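I'd like to ask some things about the structure below.
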Amino acid sequence: QVQLVESGGGLVQAGGSLRLSCAASGRGFSSYTMGWFRQAPGKEREFVSANSWSYGSTAYADSVKGRFTISRDNTKNTVYLQMNSLKPEDTAVYYCAAYYDGSYRLRTDPGQYNYWGQGTQVTVSS
């Protein structure tokens with residue numbers, strides 16, 4: 001079992017930056033693909049980014065490429081999402097998620113992630 005706890009959300013002006021953190025409990029953190037998703041009011045949960053340490057793979061949604069960076073510290077069982085040049089359309093609840101590594105091809109379907117955090121709110125004002 002893996003438990004995930006996000007932190008770092010908040011209110012920021014457009015053009016600003018935030019760094020989200022997701023702390024994982026449980027064993028074998030480095031063997032899990034870690035992902036970030038977001039869900040805005042009235043919209044479906046959407047993929048933001050994912051990283052597999054085992055396969056050396058990283059993926060980003062087109063909407064965040066060049067602005068967001070995913071990273072992880074396996075010694076701290078933590079994955080991060082550095083968000084720069086934030087836009088009002090980035091406003092959403094951001095979720096951390098995980099699944100046990102199975103392929104270099106990272107999953108972007110939230111239904112294929114087994115573990116989820118409670119979410120952290122990110123609000124970008126214009």
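Computed from a predicted model, the values in this text were never measured in an experiment.
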Practice task
May I ask you to decide whether K87 forms a salt bridge with D90, counting only side-chain N to carboxylate O separations under 4.0 Å?
Solution key: no
Handout entry: More than 12 heavy atoms of other groups within 6.0 Å of Q82 CD
Key = yes
Practice task
For E6 and Q118, indicate whether the former's side chain and the latter's backbone hold a donor-acceptor pair under 3.5 Å.
Solution key: yes
Exercise for the section: Of all the heavy-atom pairs spanning E46 and R38, show the shortest one and how long it is. Expected result: OE2-NE, 2.6 Å
Quiz: residues 15-35 side-chain donor-acceptor pairs under 3.5 angstrom, not counting sequence neighbours:
from : atom 1 : to   : atom 2 : distance (Å)
S17  : OG     : N84  : OD1    : 2.9
T33  : OG1    : D101 : OD1    : 2.3

Problem - Nearest non-hydrogen partners of Y113 and R107, listed with the distance - result: OH-O, 2.6 Å
Practice task
Could you point out which residue of V64, V48, N51 forms a side chain to side chain contact (heavy atoms under 4.5 Å, CB included) with L81?
Solution key: V48
Completion exercise
Heavy-atom nearest pair, I70 first then W36, reads CD1-CD1, 3.7 Å
Exercise for the section: Answer whether the closest heavy-atom distance between the side chains of W116 and R45 falls below 4.5 Å. Expected result: yes
Fill in the blank from the handout: Heavy atoms of A50 and L106 approach each other most closely as O-CD1, 3.5 Å
Exercise for the section: Report the relative orientation of the aromatic rings in F37 and F47; use parallel for angles under 30°, tilted for 30 to 60°, perpendicular for over 60°. Expected result: perpendicular
Practice task
Could you state whether L4 and Y100 fall into the same hydrophobic cluster, counting links through intermediate Ile, Leu, Val, Met, Phe, Trp or Tyr residues with side-chain heavy atoms under 4.5 angstrom apart?
Solution key: yes
Practice task
Check the pair D73, Y80 against side chain to side chain contact (heavy atoms under 4.5 Å, CB included), reporting the backbone distance first and the verdict last.
Solution key: CA-CA 8 Å; D73 185 341; Y80 305 96; 4.1 Å; yes
Kindly list each side-chain donor-acceptor pair under 3.5 angstrom involving residues 119-126, sequence neighbours excluded, with atom names and distances?
from : atom 1 : to   : atom 2 : distance (Å)
T120 : OG1    : G9   : N      : 3.2
Q121 : NE2    : A92  : O      : 3.4
Q121 : NE2    : T123 : OG1    : 3.3

Exercise for the section: Keeping the roles fixed (side chain from Y60, backbone from R67), state whether a donor-acceptor pair exists under 3.5 Å. Expected result: no
Exercise for the section: Compare all side-chain heavy atoms of Y99 with those of V2 and state whether any distance is below 4.5 angstrom. Expected result: no
Fill in the blank from the handout: Taken in chain and number order and not counting sequence neighbours, the residues that satisfy side-chain hydrogen bond (donor to acceptor under 3.5 Å, both in side chains) with Y95 are none
